Protein chains: 4
Amino acid sequence: MTENKQVVQGVRTGGRSARVRAAVLDATLAELAESGYAALTVDNVARRAGVNKTTVYRRWTDRESLVADALTEWASADIPIPDTGDLEGDLRALATSMASVLDTPIGRAVVATLVSVGNPGLVGVKRRFFGERHRAATPIVERAVARGELPPEVDPAAVIVTLRAPLYDRILLGDGVVDEALVERAVRIAVAAARSGALDR
Amino acid sequence: MTENKQVVQGVRTGGRSARVRAAVLDATLAELAESGYAALTVDNVARRAGVNKTTVYRRWTDRESLVADALTEWASADIPIPDTGDLEGDLRALATSMASVLDTPIGRAVVATLVSVGNPGLVGVKRRFFGERHRAATPIVERAVARGELPPEVDPAAVIVTLRAPLYDRILLGDGVVDEALVERAVRIAVAAARSGALDR
Amino acid sequence: MTENKQVVQGVRTGGRSARVRAAVLDATLAELAESGYAALTVDNVARRAGVNKTTVYRRWTDRESLVADALTEWASADIPIPDTGDLEGDLRALATSMASVLDTPIGRAVVATLVSVGNPGLVGVKRRFFGERHRAATPIVERAVARGELPPEVDPAAVIVTLRAPLYDRILLGDGVVDEALVERAVRIAVAAARSGALDR
Amino acid sequence: MTENKQVVQGVRTGGRSARVRAAVLDATLAELAESGYAALTVDNVARRAGVNKTTVYRRWTDRESLVADALTEWASADIPIPDTGDLEGDLRALATSMASVLDTPIGRAVVATLVSVGNPGLVGVKRRFFGERHRAATPIVERAVARGELPPEVDPAAVIVTLRAPLYDRILLGDGVVDEALVERAVRIAVAAARSGALDR
DNA sequence: GACTAAACGAGACGGTACGTCGAGTCTTTGT
DNA sequence: ACAAAGACTCGACGTACCGTCTCGTTTAGTC
């Protein structure tokens, strides 16, 4: 998180602006992971970033937009779409990558923040975040259909939701432990459901 | 603080105390539904309940415990366990009842509040809330096993989770529209998964 | 400054409100005398008064109105109107009392604050402050007219202004030293001017 | 306003520097006249002068010295000493010229700024400003003494103060209206006082 | 039915964080 | 190499809400 700041600095020009922006967003994510959204203080973020509060407010209108920006930045990483050759392998790879994100303190914090409604400024980020991952994953199913692993009527979006739902259920409603077994179960649920016609469009 | 709750609820009149308590908890839920947890202020709750702020603080130590109590109270309603004679019917009834709760403004607010972590005082409530519903539902699966509809190795808890996951996914990560079609899909996913061995313990 | 706080507390009822109000106004005058209006900080006033900043803002809308109130309070002391039997004695007594006020650090600070225009909230206080002293003093001249010491055409207000003008000139434009000699000169100027017909209405 | 400053600068340099200096000082006076000292911001002055804030800070150490400089510049105009042939005529001319200055928005602003104590950097300017006018005017009285219009014991400085005091009283403590009648009264007060021996040294 | 003890209403207070503004300093960039 | 542009630090402003406290008044339960 902080390591690539140097890189950013080196690569993307060297502007103080860019450096400050990166430092603040990093600090925001760190605070988010440590204390959660409710307890996140602009002053603390600023101090952690080695920057004055005023500087933060010069770039972001308020706490919410600061967090929104930090989440967006964090979420803008590439979403790798696996292509292992068969549906189960692809879904397993996808679920594993989701799980690895959800197992990060920051990942958990991001999800928790996005899910806490009542933050009108964050709904856009949320929609984009989950929507993109969603859309990015549908080719997996389309390829499976093309290979004949799944009937053509199956709804790709539904398969992805069915795959992710148990993971998020564990994180948000359960005890938060996302392990190998859970990933495996999610994969088998999705495959079974898809084959059974439950996910036909 | 909490001990006489049972009595209070049983009688629902008693003295001024009971009346005040009920009014404040109601107001808390209403505010929660209208504005969400973050924007809920004790002053507003008190005003809405026709009570002084001091009175609220006399009974609840802080905002968090007030909300925790309100959620607990709301969640203490009986959880009806359907028994329609076959697994699919039971699951459908269960999912429908879940969906009807999630379609209430208060229901949504409760779930949103419980899910927003970082509120250490609420994790107990959350665990109790989802845990109880969970446990209450496992007999459905046990009966299905007894009827031979499902293999005996199936994990009842996993079935219930698989049933609810798509609904909560829609509420928390999706667009929030929980309709008939979604319920139906959840049922078919759960049944297919259970039959496929994906939910074996 | 601070000494009479005790008294206030003991005498004027005992309400916390009254005590706080008095302490804050005292502190305001003290800060004003020490550092002047521009450097007066609400936080410093609060700290000096042993009170929280918020408490100050709960009673006064802003810095300006706080100062306005403090000045008004300070200025609300009785204005003793001398009656020594002859005009010169009366004017000398009046000028001496003015001079004694202007020789106080607080007196200087008050005048300096009132005179610094650009504070719309203070013009009312200013008008009241000087206007009242003005009006209060005119009987002195009226009595002198009645005694035949001055012609009836003389304008009482003009006499008072002529008396005070050299004092304020010294304070505001000169070196600030208001001494016996200056008072004496002011008295003689006013008498000479009044007798000469220069102050006829 | 700006034209004669060129001349001043013309002597010293004449380049961009001089132009910038003049523009900033002009803008300072304009802001002072419009909003007063307290509300004068360096940013506004810079913007008005079509210059960057940094440029202002390169030439003047702080707000105070900027204003001090602007006031000094403004005050450096020649003080015409009338010589009408008799004391009353001279004093009338002097008072009229004072009044005409005090009736300018900038004139009022300058006086108000100089009078607001608590600005250590301005006391020098103030002393110079009033002192010079003071000294410049004493020849008027000396001539009157030479002509036998006034006794030789009269203190020239006291006469000038007595003349100006009512004008400044009106501006600073009164309603601010400096008219013909007031000028006339000031003249008559000063003459009467001087003749009466009240202003003897 | 009176009387005491508990609970309530009213409202001020200390405290923390918010988001804003202006003074004065320091860095980056363009010429 | 240097100065304009602009970003930064610092400190104060005025606001909102939390949770505490005091004091008088009302109400409930007991004798």
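Heavy atoms only: backbone and side chains are in, while hydrogens, waters and symmetry mates are out. Remember, predicted model here, so these are calculated numbers, not experimental data.
Per the geometry, CG belonging to A/Asn44 stands 13 Å off P belonging to E/dT16, to the nearest Å. Here E/dA23 presents its C1' atom at 17 Å from CH2 of D/Trp60, a figure rounded to the nearest Å. Rounded to whole angstrom, the span from the CG atom of C/Asp43 across to the C1' atom of E/dG15 amounts to 12 Å. Counting to the nearest Å, the P atom of E/dC21 and the CZ atom of D/Arg47 are 12 Å from each other.
Proximity of a side-chain donor or acceptor of B/Thr55 to a complementary backbone N or O of B/Val51 within less than 3.5 Å is not detected. In terms of modelled atom types and a separation under 3.5 Å, the side chain of D/Ser65 and the main chain of D/Asp62 share a donor-acceptor contact.
Between C/Glu34 and C/Arg48 there is a salt bridge, with a side-chain nitrogen of the basic residue lying less than 4.0 Å from a carboxylate oxygen of the acidic one. Using a cut-off of 4.0 Å between Lys/Arg side-chain N and Asp/Glu carboxylate O, B/Glu73 and B/Arg21 are scored as salt-bridged.
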**Fill in**
Readout for nucleotides 19-24 of chain F: B = base within 4.0 Å of protein heavy atom, S = sugar-phosphate only, - = neither; 5' to 3' it is BBB---
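The residue among A/Leu40 and C/Arg59 whose nearest nucleotide of DNA chain E lies closer to the 5′ end is C/Arg59.
Between B/Thr41 and F/dA16 there is no side-chain polar atom (N or O) within less than 4.0 angstrom of OP1 or OP2. Residue C/Asn52 places at least one side-chain N or O closer than 4.0 Å to OP1 or OP2 of E/dG15. For B/Arg21 and E/dC8, the shortest distance from a side-chain N or O to OP1 or OP2 is not below 4.0 Å.
Side-chain atoms of B/Thr54 and B/Asn52 include a donor-acceptor pair closer than 3.5 Å.
Residue A/Gly50 is classed as a sugar-phosphate contact, given heavy-atom separations below 4.0 Å to backbone atoms only.
With a 4.5 Å cut-off on side-chain heavy atoms, D/Arg59 and D/Asp69 do not count as touching.
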